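What follows is one structure encoded as structure tokens, with my remarks underneath.
All values below were derived from every heavy atom in this structure, side-chain atoms included, with hydrogens, water molecules and symmetry-related copies excluded. Since the structure is predicted, the reported quantities are computational estimates derived from the model, not experimental observations. Numbered from 1 within each chain, the chains take letters A, B, ... in sequence-line order.
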Amino acid sequence: MKSPAEQLEILTRGTAKVLSDSELLKKLEKGEPLRAKLGVDPTSPDLHLGHSVVLEKLRQFQELGHQAVLIIGDFTAQIGDPTGRSRTRPPLSREDILANAETYQEQAFRILDRDKTEIVYNGTWFNKMTFSQVIQLNARVTMQQMLQREDFKNRIANDQEVRLHEIQYPIVQGWDSVEVRADVELGGTDQLFNILVGRDLQKTMGMEPQVVMCLPILEGLDGVQKMSKSLNNYVGITEPAGEMFGKIMSISDELMVRYSLLLIGDEIDPAAHPLEEKKALAAKIVTRYHSAEAAEQALANWNNRGKLDEVELPGFVPPADRKDLIGIVQAAFDSLGEPKSGSDVRRLIQQGSIQLDGEKLPDPKSEPELSLGQVLKLNKKRSVRIAN
RNA sequence: GGGUAGAUUCCGGAGCGGUCAAACGGGGCAGACUGUAAAUCUGCUGGCUAUGCCUUCGAAGGUUCGAAUCCUUCUCUGCCCA
């Protein structure tokens, strides 16, 4: 077992904010496994690299012999975390939440050690609360405290609504910390406020307050907004190796530095060629979620993209009933599970996106001769090979 | 409860009787350029059996040759007062 000082060094590495180092050290010095809490709301079934930052940190706790406590916010998800929101979240149905919770765990255990993780659903205690207990819980917190939150402040300043259930959210999340007797709570920097409420509630219950540990928020592929599914700037951890590789390759050089640091813990060599560094980064990430072989294959495919013959492409059988280009391309998109409207396809054709073996096909009404093995490019990401 | 402002296409936001599938910006997509990156430039961005046709401007009615624009009712939201 590593010394408390060594552990502190490892655990605080890469964090955005720890409140406070000295408190954490004191807890570590007790020599007992700490209970490290991470609360997640199963609002979206798929995890992406943005979520992985905090999960990686939790795994470090596990590796050092501490207890990971994963709280599935089946109850909180019904409220909807207002964090960073400029508007109220739509509520989720009970079924969706439970289904999401399943897939969430499945995916989280690609990172976490299942055997060293305690999983609890916060509905376990919240669904049992009586209304008078809810009122009592609310009595532990002041309105002024809640209104200090930046999101709420901004929304009020901008004349946007803040609903009362939303200001309950931090209180409810904070109460989780009391229920699981958390020693440390992990979260993104945007969770600072919520985690602090947990500290306060623990204090009012006579408990030793949890240490706050915030991890940086990972920017999405656009490099500006945080990675999120709704902004479609994410890399899902279950995505196929090729997709994952391609998405990483599309980020800017500046963003690459940050991804490397937060996702892999490596520095980018500024002297090396950025293209090579980016390929290496993409390969490392693919290796983590798939395998070294998959990463090699993805890299090889990437390098061969110019040489179409060597790349594996999905086969596509041209439809018998549509000979015109619009019909063919539409069928090709359908075969990939990405249906497009005729107007969309028409636009792609007219703009030169549709290419047969590298030749643009600009006429929507033409009836091109397709022969076996030719490559039909649909858009930047999708191409198919003619089959029968 | 009273007063008042508002609800427009993915988002923000013009339009206030015909020239509106609806300005402009953002986002997205495509092309050019590149390191098949970013930045930049250009174009596109409701649907269709497509030089025309169909369905859209919170919902339902109504006025009119003609409505996103006017009237009525309804639903939802902000702000002010209580």
Side-chain angles (χ1 to χ4, degrees), chain A residues 84-90 152 154-164 166 219-235 242-260 268-283 285 298-308 310-311 313 319 321-331 333 336 338-367 375-383:
Chain A
R85 285 270 157 165
S86 54
R87 60 177 66 190
T88 310
R89 259 177 204 270
F152 295 151
N154 287 343
R155 272 153 73 174
I156 290 168
N158 292 326
D159 291 344
Q160 285 177 309
E161 59 167 352
V162 176
R163 297 199 164 246
L164 282 177
E166 295 183 272
E219 294 84 353
L221 297 171
D222 55 41
V224 182
Q225 293 188 272
K226 77 171 188 174
M227 185 176 281
S228 90
K229 191 164 188 189
S230 51
L231 294 171
N232 198 26
N233 61 0
Y234 70 104
V235 182
E243 293 274 322
M244 203 178 256
F245 197 96
K247 282 188 178 179
I248 300 295
M249 290 305 289
S250 79
I251 65 177
S252 71
D253 293 356
E254 296 73 49
L255 194 58
M256 158 171 80
V257 173
R258 196 160 159 78
Y259 270 35
S260 182
I268 294 287
D269 179 1
H273 192 294
L275 181 58
E276 293 310 315
E277 287 291 286
K278 201 182 288 178
K279 284 180 186 171
L281 172 65
I285 291 173
L299 176 62
N301 280 347
W302 178 267
N303 288 333
N304 281 332
R305 281 180 89 175
K307 302 168 225 157
L308 294 166
E310 294 171 39
V311 185
L313 290 175
D321 52 333
R322 294 288 300 269
K323 292 282 178 235
D324 62 300
L325 191 52
I326 292 184
I328 292 168
V329 173
Q330 237 181 328
F333 274 112
L336 294 172
E338 288 180 29
K340 291 251 189 287
S341 75
S343 299
D344 272 337
V345 168
R346 179 182 296 265
R347 275 192 284 277
L348 286 172
I349 292 168
Q350 286 169 341
Q351 293 182 133
S353 175
I354 307 302
Q355 297 169 15
L356 186 64
D357 276 351
E359 291 288 317
K360 287 183 189 174
L361 299 176
D363 180 4
K365 280 188 174 162
S366 64
E367 300 189 358
V375 173
L376 185 66
K377 175 180 166 263
L378 302 176
N379 60 26
K380 275 212 172 104
K381 285 177 188 153
R382 300 295 191 181
S383 294

> With nearest nucleotides of RNA chain B determined for A:Ile354 and A:Lys340 from heavy-atom distances, which residue corresponds to the more 5′ nucleotide?
Replying inline: A:Ile354

>> Categorize A:Lys278 for me: base, sugar-phosphate, or nothing, with a 4.0 angstrom heavy-atom threshold over every strand shown.
In response: base

>> Between B:C11 and B:G62, how many Å separate the two C1' atoms, rounded to a whole number?
In response: 33 Å

> Is there a donor on the side chain of A:Asp253 or the base of B:G35 sitting less than 3.5 Å from an acceptor on the other?
Replying inline: yes

>> Would the base of B:G43 count as contacting A:Gln351 through its side chain, where contact means a donor and an acceptor less than 3.5 Å apart?
In response: yes

> OP1 or OP2 of B:C48 less than 4.0 angstrom from a side-chain nitrogen or oxygen of A:Ser343, does that happen here?
Replying inline: yes

>> With a 4.0 Å cutoff (strictly under), does any side-chain N or O of A:Arg347 reach OP1 or OP2 of B:G47?
In response: yes

> Taking atom P in both B:U42 and B:G26, what distance in whole Å separates the two?
Replying inline: 12 Å

>> Between B:C76 and B:A59, how many Å separate the two P atoms, rounded to a whole number?
In response: 15 Å

>> Could you tell me the Watson-Crick or G-U partner of B:A14, where both distances fall under 3.5 Å? Say none if there is no partner.
In response: none

> Which atom pair, heavy atoms only, marks the closest approach of A:Met227 to A:Asn233?
Replying inline: CA-OD1, 3.5 Å

>> Rounded to whole Å, how long is the line connecting atom CZ of A:Phe333 with atom P of B:C29?
In response: 12 Å

> Taking the C1' atom of each, how far is B:C16 from B:A82, in whole Å?
Replying inline: 34 Å

> Quick one: is B:G31 close enough that its OP1 or OP2 comes under 4.0 Å of any side-chain N or O from A:Lys377?
Replying inline: yes

>> For the backbone of A:Glu367 and the side chain of A:Asp324, can you confirm whether one donor and one acceptor N or O come within less than 3.5 Å of each other?
In response: no

> Does any N or O in the side chain of A:Gln330 come within less than 3.5 Å of the main-chain N or O of A:Lys340, such that one atom is a donor and the other an acceptor?
Replying inline: yes

> In whole Å, what is the span from the NE2 atom of A:His273 to the C1' atom of B:U34?
Replying inline: 11 Å

> Would you call A:Ile285 and A:Val235 a side-chain contact if the rule is heavy atoms closer than 4.5 Å?
Replying inline: no

> Base, sugar-phosphate alone, or nothing: which one does A:Asn379 contact when heavy atoms must sit under 4.0 Å apart?
Replying inline: sugar-phosphate

> What is the distance, rounded to the nearest whole Å, between atom CD of A:Gln225 and atom P of B:G12?
Replying inline: 14 Å

>> Suppose we define a pair by two distances each less than 3.5 Å, Watson-Crick or G-U wobble; what does B:G1 pair with here?
In response: B:C81

>> Need the pair for B:U49. Rule: Watson-Crick or G-U wobble, both distances under 3.5 Å, any strand; none if unpaired.
In response: none

> Quick one: A:Tyr259 OH to B:A37 P, roughly how many Å, whole number?
Replying inline: 17 Å

>> Test your reading of the model: is there a side-chain donor-acceptor pair from A:Glu277 to the backbone of A:Asp269, 3.5 Å cut-off?
In response: yes

> For the pair made of NZ in A:Lys380 and C1' in B:A38, what is the distance, rounded to whole Å?
Replying inline: 12 Å

> If the P atom of B:A60 is compared with that of B:A67, how far apart are they to the nearest Å?
Replying inline: 15 Å

>> Which nucleotide, if any, forms a Watson-Crick or G-U wobble pair with B:C70, using both distances under 3.5 Å?
In response: B:G62

> Which nucleotide, B:G35, B:G31, B:A30, lies nearest any side-chain atom of A:Lys360?
Replying inline: B:G31

> For the pair made of CG in A:Asn232 and P in B:C11, what is the distance, rounded to whole Å?
Replying inline: 16 Å

> Taking the nucleotide of RNA chain B with the closest heavy atom to each, which residue, A:Glu254 or A:Lys365, is nearer the 5' end?
Replying inline: A:Glu254

> Taking the same atom, C1', in B:G3 and in B:U55, what whole-Å distance lies between them?
Replying inline: 39 Å

> Can you tell me how far C1' in B:U64 sits from the matching atom in B:U69, rounded to whole Å?
Replying inline: 13 Å

> Would you say a side-chain N or O of A:Lys381 is under 4.0 Å from OP1 or OP2 of B:A30?
Replying inline: no

> How far, in whole Å, is B:C74 from B:A21 if one measures between their C1' atoms?
Replying inline: 28 Å

> Atom CZ of A:Arg346 and atom P of B:G52: how far apart are they, to the nearest Å?
Replying inline: 14 Å

> Taking the side chain from A:Ser250 and the backbone from A:Lys247, do they hold a donor-acceptor pair closer than 3.5 Å?
Replying inline: yes

> For A:Asp344 and B:C29, what is the distance between atoms CG and C1' respectively, to the nearest whole Å?
Replying inline: 9 Å

> Between the side chain of A:Lys377 and the main-chain N/O of A:Gly358, is any donor-acceptor distance below 3.5 Å?
Replying inline: no

>> Under 4.0 Å, heavy atoms only, any strand: does A:Ser341 hit a base, just the sugar-phosphate, or nothing?
In response: sugar-phosphate

